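Comments concern the structure below.
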Protein chains: 2
Amino acid sequence: MLPIVTATGREACSQAALIADPIDDETAAGLAQVFKALGDPVRLRLVSLIGARQGGEVCVCDLTSAFDLTQPTISHHLKILRAAGLIDSERRGTWVYYRLVPAALERMATLLSVATG
Amino acid sequence: MLPIVTATGREACSQAALIADPIDDETAAGLAQVFKALGDPVRLRLVSLIGARQGGEVCVCDLTSAFDLTQPTISHHLKILRAAGLIDSERRGTWVYYRLVPAALERMATLLSVATG
DNA sequence: GCTTTCTATAGATATCTGTCAATACAGTTC
DNA sequence: GAACTGTATTGACAGATATCTATAGAAAGC
């Protein structure tokens, strides 16, 4: 752990940590949307299922079958995760495949990382 | 970045990443509570304000005055953050001081970190 | 084109959540 | 102990959200 300390002790990070400086309303609203997307057990499991899958892609049908919920409900959750920029989708034929957006997850990880603050 | 790769490629991490293996319902519910706590602009700003403060402690009165919200509302948000284990509080005289729980933030950061998965 | 399969959208509804006003509780000071 | 200050709790309510059923849209096969 070798944080580069500057005058104010934090400008060395291009991705500012949450605790580096008080964030403003707009920033908070944007970040909150992403955390809120992660703040549901079903959506967390969706992210987990997609991320754990070899190849990184999962068909909606496989996701739906992993839950005791209806297909529209899963579709709804996927939409929220996609709006948050956490996942991406691609249609191939009849099927739609979802995959993670690693950069988005990393960004949130960095934000929460105390060490880099 | 030097992940220790094992047979399954992930057991080297004591704190499993979200994408290492599909998480179960209970785990998801617990983690979702923490992410949900972070999924509100006011609470994100509270965490940010507390974390950015020199000394790591902030009095409720200082937090309240930073928002255009009533004192009970701020108290409500602080309670949610505390229930999620993200912050801690201590009463000293009339005042109550809040501080971050770095381990809790780090834990969530690790979970989201794709590299360590 | 018709049917079938897979996915998304629309509408309805019960529950959850963020906010406030009012009040209670805790500690200090007089 | 009475008054005052700082913080938490309660109760109420508008708005958001998770879920379902029903339906629409998209692609493939007949």
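Naming convention: chains lettered A, B, ... in sequence-line order (proteins, then strands); numbering from 1 in each chain. The shown structure was predicted, so the numbers you read here are calculated from the model rather than taken from an experiment.
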Considering non-hydrogen atoms only, spot the tightest contact between [X] and [Y] and give its length.
X: B:Val101; Y: B:Gly85; answer: CB-O, 3.4 Å
X: A:Leu63; Y: A:Leu78; answer: CD1-CD2, 4.0 Å
X: B:Thr64; Y: B:Gln71; answer: CG2-CA, 3.9 Å
X: A:Ile23; Y: A:Leu31; answer: CD1-CD1, 4.4 Å
X: A:Leu18; Y: B:Ser48; answer: O-OG, 2.7 Å

- Span of DNA chain C engaged by chain A, first through last nucleotide within the 4.0 Å heavy-atom cut-off, is C:dT5 to C:dT9

- Message: Is it the case that over 12 heavy atoms from other parts of the model lie below 6.0 angstrom from the CZ atom of A:Arg82?
- Response: no

- Can you tell if the side chain of A:Leu112 reaches within under 4.5 Å of the side chain of B:Arg107, non-hydrogen atoms only? no

- Would a 4.5 Å heavy-atom cut-off, applied to side chains only, mark A:Arg43 and A:Leu86 as touching? no

- Message: Just to be sure I understand the rule, does B:Arg43 reach a base, reach only the sugar-phosphate, or reach nothing, if contact means heavy atoms closer than 4.0 Å?
- Response: sugar-phosphate

- Message: Once you apply a heavy-atom cut-off of 4.0 Å, does B:Tyr97 come out as touching a base, just sugar-phosphate, or nothing?
- Response: nothing

- Message: Both A:Thr94 and A:Asp40 contact DNA chain D. Which one's nearest nucleotide lies toward the 5' end?
- Response: A:Asp40

- Query: Has B:Lys79 got a side-chain N or O lying under 4.0 Å from the OP1 or OP2 atom of D:dA8?
  - Reply: no

- Enumerate the residues from residues 63-77 of chain B whose closest heavy atom to DNA chain D is under 4.0 Å, giving them by residue number; use none for an empty result. B:Gln71, B:Pro72, B:Ser75

